[in-house]
Amino acid sequence: MSKTPFQTVAIDLAERSYDIYIGSALIQQQALFDGLPKASSVLIVSNTTVAPLYAAQLRAALSARYAKVLTLELPDGEVHKNWQTLNLIFDALLQNGCDRKTLLVALGGGVVGDMTGYAAASFMRGVPFMQVPTTLLSQVDSSVGGKTGINHPLGKNMIGAFYQPLLVLCDLDTLKTLPERELSAGLAEVIKYGPIADLQFMDWLEQNMDRLLARDVDALAHAVKRSCEIKAWVVAQDEREGGLRAILNFGHTFGHAIEAGMGYGAWLHGEAVGCGMVMAAKLSERLGLVDADFVARLLALTVQAGLPVVGPVLNAEDNAGRYLELMRLDKKSDAGEIKFVLIDGPSKATVRGAPDALVRDVIDACCKV
Ligand code: NAD
Ligand code: GLY
């Protein structure tokens, strides 16, 4: 069967290298699965929202190569990214006689992708897996680079593993059914690549945000491809986040505090990251690393993408104190010192600490009172 055209971004990780395919009508193309390993069974892990939309097409395409293709529908939502839901994947694998060659396929957004990847990393000490991301956020970030895991009530993504997929299939057509709010949330992770790595891409985003919001497929293809290229460049140098990879967490230190402080799911991950980027940029400005004009540009782009830029109040009595308490749980923290990803001039990021008093000022300035 012939393949319709698509673009490829390669993730270069020696024996763990793989490709990201980006294009339209990919999930129904049997030929794209030709390079996957042989197995007696495949488990597509999805959720109650995405499976009814896309699982049948994917199952049909995979059935040409695999004799047994099973589908599991998890409950939908960040609030379900936990042990209990993870166990549903292990239950399905064991109840259906799956083995160590069984291929796991994540069909959904970052929540499904992170949980399926972690299940693949741990079932029988590791089975092959593939990502079919269906949100903008998961196509530009979470499906690529091998971070997998679940949340703990005390902190986001606290339990997990680095485990790379064999293939990532970004079918842009799936974005047609994405709710507007989720599209904006995904744009936060797209925008982040500009200030940390590529000023030209930031210019392009300023000029093309309307096309992205209108889901113009060529604009989406460019945004997904450029985002994946930048992520590939970072991950190839620092797969397990010994240093450089932390820059991909721009906006996430404040953002994770917002998500945990509000209760998972109240703010979408991308919304929290969008607001968190503005807060991190303001902290960078206060530290003299970047000028006010650049911060204003980033803020305007974030607003243009339909994202919130005013932080929520997490505690009426000591809001900044609550943010600091939550941010100390961040995985980048070192001996209790919070490490922030900051903008060190346009398109250059640095990871460093900041005095609590200054962070408090920034939180006070950025949050609704
Ligand atoms: P999500 O997975 O919750 O998906 C958002 C919503 O959109 C869900 O309700 C989902 O069912 C629905 N949906 C998905 N695809 C759809 C489609 N095509 N049409 C209609 N509805 C659709 O959220 P997300 O924003 O994709 O991912 C957020 C998660 O990703 C967070 O848990 C975050 O921690 C994680 N993440 C991980 C990494 C990583 O490197 N592993 C990076 C960034 C974010
Ligand atoms: N999303 C951040 C990372 O993959 O490192």
Side-chain angles (χ1 to χ4, degrees), residues 11 27 45-55 57-58 73-82 85 106-118 121 131-151 155-165 168 170-190 192-193 196 215 227-228 230-232 234-235 237-253 255-256 259-260 264-265 267-274 331-332 341 351:
I11 304 284
I27 53 175
V45 181
S46 191
N47 69 22
T48 49
T49 306
V50 179
L53 296 169
Y54 302 111
Q57 292 168 59
L58 184 60
E73 290 187 20
L74 301 176
D76 186 6
E78 183 76 34
V79 73
H80 296 293
K81 190 179 169 185
N82 57 26
T85 313
L107 172 68
V111 170
V112 164
D114 280 11
M115 281 197 292
T116 308
Y118 189 37
Q131 292 264 18
V132 184
T134 62
T135 61
L136 181 60
L137 185 142
S138 54
Q139 295 191 354
V140 300
D141 192 353
S142 65
S143 64
V144 174
K147 280 190 181 175
T148 72
I150 55 171
N151 298 329
K156 191 166 160 60
N157 295 333
M158 281 294 158
I159 297 148
F162 287 97
Y163 196 68
Q164 301 294 343
V168 180
C170 297
D171 189 330
L172 302 169
D173 290 349
T174 61
L175 302 180
K176 288 180 187 157
T177 53
L178 198 62
E180 252 172 52
R181 193 177 160 201
E182 298 291 349
L183 184 73
S184 290
L187 287 169
E189 301 277 16
V190 175
K192 103 179 155 190
Y193 292 110
I196 64 169
R215 301 173 206 227
S227 301
C228 289
I230 295 170
K231 183 151 186 183
V234 172
V235 169
Q237 294 174 76
D238 180 21
E239 183 183 5
R240 297 179 73 90
E241 201 166 314
L244 177 71
R245 185 166 176 166
I247 68 169
L248 298 174
N249 280 320
F250 178 51
H252 288 58
T253 312
H256 283 170
E259 281 187 272
Y264 295 124
W267 277 49
L268 300 181
H269 175 73
E271 292 172 338
V273 167
K331 286 192 286 305
K332 289 185 297 306
V341 181
V351 182

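Order of appearance sets the numbers: ligands from 1, and atoms from 1 within every ligand. For the numbers below, each heavy atom of this structure counts, side chains included, while hydrogens, waters and symmetry mates do not.
- Residues forming a salt bridge (Lys or Arg N to Asp or Glu O under 4.0 Å) with D171 (at least two apart in sequence, or on another chain): none.
- Checking D141, V140, L248, V144 against atom 1 (N) of ligand 2, the nearest heavy atom belongs to D141.
- The side-chain hydrogen bond (donor to acceptor under 3.5 Å, both in side chains) test with Q164 singles out one residue from Q131, K147, E239, and that residue is E239.
- Inter-residue side-chain proximity for I150 and M115 is flagged as met; some heavy-atom pair is nearer than 4.5 Å.
- For R181, the salt bridge (Lys or Arg N to Asp or Glu O under 4.0 Å) partners at least two apart in sequence or on another chain are E271.
- At a 4.0 Å heavy-atom cut-off, ligand 2 does not touch E189 at all.
- Considering backbone and side-chain N/O of K147, one or more are found under 3.5 Å from N/O of ligand 2.
- When the options E78, K81, H269 are evaluated for a side chain to side chain contact (heavy atoms under 4.5 Å, CB included) with Y264, the one that passes is E78.
- In this structure T135 satisfies the side chain to side chain donor-acceptor pair (under 3.5 Å) test together with S138, sequence neighbours excluded.
- An N or O contact shorter than 3.5 Å is missing between H252 and ligand 2 by distance.
- Checked against Y54 for a side-chain hydrogen bond (donor to acceptor under 3.5 Å, both in side chains), the options T174, D173, T177, T134 give a single hit: T177.
- The protein residues lying under 4.0 angstrom from ligand 1, judged by non-hydrogen atoms, are N47, T49, V50, L53, Y54, D76, E78, K81, G109, G110, V111, D114, T134, T135, L137, D141, S142, K147, K156, N157, T174, T177, L178, P179, E182, E189, K231, H269.
- A donor-acceptor contact closer than 3.5 angstrom is absent between the side chains of H252 and E259.
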